[in-house]
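Before any comments, here is the structure.
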2 protein chains.
Amino acid sequence: MAEPKPRRPLADSTAVHDQVYDSIRQALITGKIAPGVGVSLRSLAAELGVSPMPVRDAVRRLVAERALAINPANKRLSVPSLSAERLEQLELARQWIEPELAARAAPRADEALVRKLKAIDQDLEEALRVGDVDRYMVANHAFHFAIYERAGAEVLLAMAGGLWLQIGPFMRVVFGRVGTGSLPADRHAQAMDALKVRDAEGARRAIAADLSEGMDKMRAAVEAGAGLTVAPTGQTVITVS
Amino acid sequence: MAEPKPRRPLADSTAVHDQVYDSIRQALITGKIAPGVGVSLRSLAAELGVSPMPVRDAVRRLVAERALAINPANKRLSVPSLSAERLEQLELARQWIEPELAARAAPRADEALVRKLKAIDQDLEEALRVGDVDRYMVANHAFHFAIYERAGAEVLLAMAGGLWLQIGPFMRVVFGRVGTGSLPADRHAQAMDALKVRDAEGARRAIAADLSEGMDKMRAAVEAGAGLTVAPTGQTVITVS
DNA sequence: GACCTTGCATTGTGATCGCAATTATCGACT
DNA sequence: AGTCGATAATTGCGATCACAATGCAAGGTC
């Protein structure tokens with residue numbers, strides 16, 4: 001315990017608990033932590049090479065954003081497993097807020113944004129080709145939020161971020177199962193075209209369609225019974241049947 | 001400092017940081033803490049008779065829910081002052097999510113719910129008569145969320161709760177200024193009537209109208225210049241002109 | 001008298017310790 | 001050999017301390 005503290009690099013500045021937050025958030029969005037598995041403050045702290053304190057702070061934020069769940073009896077932490085009802089509500093909320101953000105971003109779009117999106121989309125398609133699910137998840141997130149940030153709607157943006165955080169782990173499981181081959185990147189092309197000419201309604205429709213297709217996949221996976229069964233210990237086994 | 005620690009009663013069970021959270025949350029919703037004023041962990045801890053530690057946890061949650069803001073430079077805490085853009089986005093989000101919750105609650109409404117709402121509404125009107133703004137705020141919150149909880153939509157309910165938390169402090173300022181005399185409780189009657197016959201669309205319209213009128217007042221107050229001016233120290237003076 | 005500097009109080013952050021509760025592990029007994 | 005019970009380990013929660021940074025205020029200088 002008298003080690004010189006590895007202290008992982010982790011980006012650059014800001015407070016430690018913010019870096020821890022970003023680390024866990026990325027792990028959740030990209031699905032590096034499977035839904036249902038239990039985590040602990042000390043284990044996360046050890047893994048990140050920090051003291052339990054900043055982890056505790058980061059976990060509080062994530063619990064507040066419902067990206068982590070806390071067993072009311074145990075008081076133990078876990079990644080929430082997604083139920084059909086939860087999925088339905090998250091879908092509804094996303095279908096309302098994300099097209100709205102895209103529509104608001106359209107009038108404020110410029111050439112630089114479109115270029116950035118094009119770069120992200122190329123990376124995304126490359127990830128699809130080589131079947132790198134992690135990279136695809138990161139790129140897809142980057143694509144959507146590059147648009148949403150342009151809307152200049154802080155409150156709505158934060159809400160959208162929270163929704164992705166909640167749906168991220170499950171997306172990863174589904175996409176890892178059905179494969180990424182059939183994912184339609186053409187909706188992204190539609191969105192970029194609409195943004196190029198500052199067509200708000202076009203952007204709204206493109207994002208709505210993109211979401212709709214993605215969520216269809218997830219819903220189909222859930223209804224097909226590819227659910228998550230929670231073992232009595234709290235540990236979760238992902239049944240891909 | 002060697003005092004025997006007053007340790008405020010504070011509800012009943014659960015962890016200390018949850019009780020602290022509820023206390024601050026209530027204070028924000030009812031507007032006991034004015035927008036823009038700076039708070040500190042230690043001052044809140046002293047006021048609640050607890051150590052700074054659980055306050056720190058509670059504040060993390062509230063910051064994550066955007067009910068408290070943290071100055072990126074200072075890293076100091078404050079109640080966020082509401083801007084016109086923020087208000088517009090919060091209104092949009094509320095106008096979408098709260099009527100939706102009301103509509104979902106309608107088919108699940110029963111006599112007990114209507115009775116409960118009636119009791120709350122009577123208390124609300126009494127508060128209006130005597131001009132007790134705090135009591136009105138509490139009752140109004142209770143009325144809406146008694147309905148929303150019935151929707152059985154956990155995710156949407158949490159989102160609605162977050163929105164109230166963000167808009168609460170400002171509501172209080174506005175209502176405290178324009179007086180509560182002209183507030184239309186008849187929308188509540190409409191909502192109760194719709195719930196009584198399980199009329200989803202009626203409930204949706206009633207809540208939408210209720211929100212619309214309330215937000216109109218707030219928007220008018222903002223545009224009339226009854227804004228909040230932040231002093232250089234971070235302390236805020238409420239200009240009721 | 002106005003402005004700058006110096007000192008002190010307060011702030012958030014992180015670390016470490018102790019505690020009670022729960023869980024896991026292993027030994028003992030029937 | 002199987003089941004039960006006791007011990008040890010882990011977990012989250014709260015308290016306290018240390019520290020760097022910031023804010024505030026008093027006092028000094030021009």
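Not measured: the values here are computed from a predicted model. Sequence lines set the chain letters: A, B, ... in the order given, protein chains first and strands last, and positions in each chain run from 1. These numbers come from the heavy atoms of this one structure, side chains and all, not from hydrogens, waters or symmetry mates.
Heavy atoms of B/Val39 sit under 4.0 angstrom from primed sugar atoms or phosphate atoms, though from no base atom.
Contact annotation: A/Ser40 side-chain N/O to D/dT10 OP1/OP2 distance is not under 4.0 Å.
Taking atom CZ of residue B/Arg56 and atom C1' of nucleotide D/dC13, one finds them 13 Å apart after rounding to whole Å. Between A/Asn71 atom CG and C/dT23 atom P the separation is 8 Å, expressed in whole Å. If you measure from atom CG of B/Asn74 to atom P of D/dG23, you get 4 Å, rounded to the nearest angstrom. As rounded to whole Å, 12 Å separates atom P of C/dA15 from atom CG of A/Leu48. Computed from coordinates, the B/Arg42 CZ to C/dA9 C1' distance equals 11 Å when rounded to whole Å. Atom-to-atom, CZ of A/Arg60 to P of D/dC13 comes out at 5 Å; the value is rounded to the nearest Å. Remark: P of C/dT13 and CE of B/Met53 are 11 Å apart, rounded to the nearest angstrom. The distance between atom CG of B/Asp57 and atom C1' of D/dG12, rounded to the nearest whole Å, is 10 Å.
For B/Leu41 and A/Pro52, each mapped to the nucleotide of DNA chain C holding its nearest heavy atom, the one lying further toward the 5' end belongs to B/Leu41. Mapping B/Ser43 and A/Pro54 onto DNA chain C via the closest heavy atom, the residue that lands nearer the 5' end is B/Ser43. Both B/His17 and B/Ala73 lie close to DNA chain D; mapped to their nearest nucleotides by heavy-atom distance, the more 5′-ward contact belongs to B/His17.
Of the candidate nucleotides C/dT13, C/dT16, D/dG12, D/dG12 has the atom lying nearest to any side-chain atom of A/Lys75. Closest to the B/Leu77 side chain, of the nucleotides D/dA15, C/dG12, D/dC13, is C/dG12.
Panel note: side chain B/Glu91, backbone B/Met215; no donor-acceptor pair is recorded below 3.5 Å. Formation of a donor-acceptor pair under 3.5 Å by the A/Ser78 side chain with backbone atoms of A/Pro80 is not found in this model.
No donor-acceptor contact under 3.5 Å links the side chain of B/Arg76 to the base of D/dG23.
Side-chain polar atoms of B/Glu100 and B/Tyr148 form no donor-acceptor pair below 3.5 angstrom.
Using a 4.5 Å heavy-atom threshold, the side chains of A/Ser23 and A/Leu48 count as touching.
A salt bridge between A/Lys32 and A/Glu47 is absent, with no side-chain N of the basic residue lying under 4.0 Å from a carboxylate O of the acidic one.
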